Amino acid sequence: MKQWLDRVTGIVTMYKLVIVALAGIGVVLGLAGVAGIVRILVSVLPGLPSTRPLVIATLVAMLVGIVLAACGIPARRAMRVSPTEALRIE
C-alpha cells in the first residue's frame, strides 16, 4: 500500500511541477507582451501613465492562483475516482 501511495504522490508532484512550469511560461510571455503593448501605447498616447510594478505583481499572483486552481481542482477530483470504476462507466 505504501508503494502505491508513494507512486501516486510522485505523480501528483510531477503534475504540479508541470502546471507551475506552464504558468511560469505564460507569465513570462504575458509580461513581455504587456511591455511591448505599453511602449506602443505610450508612444501613441503621450499622456498615458506607464504601468506600476505593484499592479503587475498583483495580477501575476492572481493569474498563477487561478491557473493552479483551474488545474488542481479537476485533478484532485479525478484522483478520487477508481480507474476500474471510470472504465466501467464508459
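On a predicted model such as this, the values are computed, not experimentally measured, just so you know.
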Side chain to side chain contact (heavy atoms under 4.5 Å, CB included) between Val20 and Leu68, worked out: CA-CA 7 Å; Val20 170; Leu68 291 177; 4.0 Å; yes
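Residues meeting the side-chain contact (heavy atoms from CB on, under 4.5 Å) test with Leu29, sequence neighbours left out: Ile25. Residues passing the side-chain contact (heavy atoms from CB on, under 4.5 Å) test with Val18, sequence neighbours excluded: Leu22. Ile66 is linked by a side-chain contact (heavy atoms from CB on, under 4.5 Å) to nothing, counting only residues two or more places apart in sequence or in another chain.
The shortest heavy-atom contact between Ala69 and Pro74 is O-CD, 4.0 Å.
By the rule that hydrophobic residues join a cluster once side-chain heavy atoms approach within less than 4.5 Å of another member, Val64 and Leu31 end up as members of one cluster.
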